[in-house]
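It should be emphasised that the depicted structure is a prediction, and the values quoted were computed from it without experimental measurement. If you read the sequence from its start, that first residue is 1, and numbering goes on from there. Values reported hereafter were calculated over all heavy atoms of this structure, with side chains retained and with hydrogens, waters and symmetry mates removed.
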Amino acid sequence: DVEDEVDPRVGLRSLAAIRRLRDDYAHAIDIEICAFAQEGTTQEPETERMLDAALDRGADLVGGCPYTDLDPAGHVARIFDLAVAHDVDVDFHIDFDLDPSWRHLDLVVAETERRGWGGRVTIGHVTKLAVMPPAEVEAIGRSLAAAGVALTVLPATDLFLTGRDHAFARPRGLAPAHRLAALGVTTTVATNNVLNPFTPFGDAALGRMANLYANVAQLASDAEITMVFDMVGAAAARALRRDFGLAVGGPADVVVLDAPDPVAAVREIAAPLAGWKRGRRTFVRPRPSLFGADGAARPPT
């Protein structure tokens with residue numbers, strides 16, 4: 001997914017650019033465009049009209065950010081109004097701080113259930129979960145699972161931006177996705193920004209994000225690491241409502257990693273060696289060559 005921020009200042013210019021990018025690289029990658037209200041809707045009615053126009057012009061889903069709106073409940077309801085009108089999925093950036101005394105997550109859960117939109121809603125960040133007691137996290141996880149709301153953790157951004165008001169002993173602003181996954185929530189790991197003021201590191205590699213999450217969450221067993229791999233694989237496909245895995249007659253969308261299994265892929269941040277989309281090779285990244293004392297190339301071991 002690629003977010004297309006829409007408001008009266010940027011207009012629909014970014015939508016046109018991303019649509020061209022999607023068309024130019026359709027042979028290699030599927031890009032879903034999310035028309036996103038970064039700066040709210042209720043205080044800027046024009047934004048809502050522009051979201052509607054963006055969905056008419058090729059955006060694939062709609063998203064919002066309740067904590068930037070003067071009326072968070074109204075914001076959530078209006079985003080769902082657009083989703084229902086255009087029959088598209090929903091993505092919210094939500095509860096992005098470390099104050100557990102209030103949250104907007106409940107608004108999204110309630111609207112998801114009221115609209116019958118289970119399985120079509122994802123919430124991102126939700127860093128408040130990092131500072132909530134286990135019992136409260138479990139209760140929230142059960143409500144997300146029952147409503148069919150997926151959770152996406154964005155480790156690089158979440159860690160870089162949260163906890164800045166702590167002079168020392170900074171908390172880890174990372175939602176415990178693995179705990180929610182154990183409760184039946186579809187949980188994924190992704191990247192929100194790359195090489196910008198919000199996340200001045202990274203290269204959009206999901207393997208790197210999976211490794212970062214596992215490291216910060218202090219996961220170690222093979223079962224835990226396998227779960228994290230699924231967060232950028234099978235679980236991510238469920239969140240996108242896409243098929244996953246190789247099957248006779250299915251799309252031949254394949255990425256080969258330089259690792260013997262998913263556990264090693266996460267532990268070692270395995271590099272992708274090659275990829276295919278619908279059976280057509282789209283990229284190759286040869287393994288490195290090693291040279292012996294005699295200067296002759298030798299295959300890596």
Can you see which heavy atom on [X] is nearest to which on [Y], and at what distance?
{"X": "V232", "Y": "A236", "result": "C-CB, 4.0 Å"}
{"X": "V228", "Y": "A214", "result": "CG2-CB, 4.3 Å"}
{"X": "V149", "Y": "T112", "result": "CG2-OG1, 3.7 Å"}

Report the distance from atom [atom1] of [X] to atom [atom2] of [Y], rounding to the nearest 0.5 Å.
{"X": "I18", "Y": "D60", "atom1": "CD1", "atom2": "CG", "value": "10.5 Å"}
{"X": "F96", "Y": "T127", "atom1": "CZ", "atom2": "OG1", "value": "5.5 Å"}
{"X": "L105", "Y": "L151", "atom1": "CG", "atom2": "CG", "value": "8.5 Å"}
{"X": "E44", "Y": "T68", "atom1": "CD", "atom2": "OG1", "value": "9.0 Å"}
{"X": "D56", "Y": "L51", "atom1": "CG", "atom2": "CG", "value": "11.0 Å"}
{"X": "C34", "Y": "E5", "atom1": "SG", "atom2": "CD", "value": "10.0 Å"}

Subject >> ILVMFWY clustering at 4.5 Å (side-chain atoms), partners of L195 >> reply: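 In the cluster with L195 are V194.
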Pairwise side-chain contact, [X] with [Y], heavy-atom cut-off 4.5 Å (strictly under):
{"X": "D7", "Y": "Q38", "result": "no"}
{"X": "V90", "Y": "T122", "result": "no"}
{"X": "D87", "Y": "R120", "result": "yes"}
{"X": "F160", "Y": "F198", "result": "no"}
{"X": "E39", "Y": "R9", "result": "yes"}

Subject >> Summary of salt bridge (Lys or Arg N to Asp or Glu O under 4.0 Å) pairs that have at least one residue in residues 192-220, sequence neighbours excluded >> reply: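 Residue pairs with at least one partner in residues 192-220: D203-R208.
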Original post:
Can you list every pair that meets salt bridge (Lys or Arg N to Asp or Glu O under 4.0 Å) and has a residue in residues 233-245, with sequence neighbours left out?
Top reply: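 For residues 233-245, and leaving out neighbouring residues, the salt bridge (Lys or Arg N to Asp or Glu O under 4.0 Å) pairs sorted by first residue read D30-R242, E32-R242, D89-R241.
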**OP:** Not counting sequence neighbours, which residues clear ring-ring contact (aromatic ring centres under 6.0 Å, His included) with H104? List them please.
**Re:**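 Once residues adjacent in sequence are excluded, the partners of H104 under the ring-ring contact (aromatic ring centres under 6.0 Å, His included) criterion are W102.
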**OP:** Could you tell me which residues satisfy ring-ring contact (aromatic ring centres under 6.0 Å, His included) with Y67, sequence neighbours excluded, listed by chain and number?
**Re:**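 Here no residue qualifies.
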Subject >> Salt bridge K128-E136, side-chain N to carboxylate O under 4.0 Å >> reply: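 Looking at K128 and E136, the cut-off is not met.
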Subject >> Residues D253 and R278 bridged, charged N to O under 4.0 Å >> reply: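 So D253 does not pair with R278 through a salt bridge.
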Result block: side-chain N/O donor-acceptor pairs under 3.5 angstrom for residues 180-192, not counting sequence neighbours:
unit_1	atom_1	unit_2	atom_2	d
T188	OG1	T152	OG1	2.7
T191	OG1	N193	O	3.4

Subject >> Polar contact flag, side-chain donor to acceptor under 3.5 angstrom, T42-H75 >> reply: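 No donor-acceptor contact under 3.5 Å links the two side chains.
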Inter- and intrachain pairs under ring pair (Phe, Tyr, Trp, His ring centres under 6.0 Å), touching [range], at least two apart:
{"range": "residues 206-236", "answer": "H178-Y213"}
{"range": "residues 30-51", "answer": "F36-H93"}
{"range": "residues 274-299", "answer": "none"}

Original post:
For E111, what residues pass the salt bridge (Lys or Arg N to Asp or Glu O under 4.0 Å) criterion, not counting sequence neighbours?
Top reply: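 In terms of salt bridge (Lys or Arg N to Asp or Glu O under 4.0 Å), with neighbours along the sequence ignored, E111 is linked to R114, R115.
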**OP:** May I have all residue pairs that pass side chain to side chain donor-acceptor pair (under 3.5 Å) and include part of residues 260-273, sequence neighbours excluded?
**Re:**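 Output for this query lists D222-R267.
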Subject >> Residue pairs fulfilling side chain to side chain donor-acceptor pair (under 3.5 Å) with at least one residue in residues 158-177, sequence neighbours excluded >> reply: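 Qualifying pairs: H125-D158.
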**OP:** Determine whether more than 12 heavy atoms belonging to other residues, nucleotides or ligands lie under 6.0 Å from atom CZ of R20.
**Re:**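 Check fails, neighbour count at 12 or below.
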**OP:** Mark yes when over 12 heavy atoms from residues, nucleotides or ligands other than R22 sit less than 6.0 Å from its CZ; otherwise mark no.
**Re:**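 More than 12 heavy atoms, drawn from other residues, nucleotides or ligands, come within 6.0 Å of this atom.
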**OP:** Would you kindly confirm whether L246 and F244 end up in one hydrophobic cluster when ILVMFWY residues are joined by side chain heavy atoms under 4.5 Å apart?
**Re:**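 Not linked; separate clusters.
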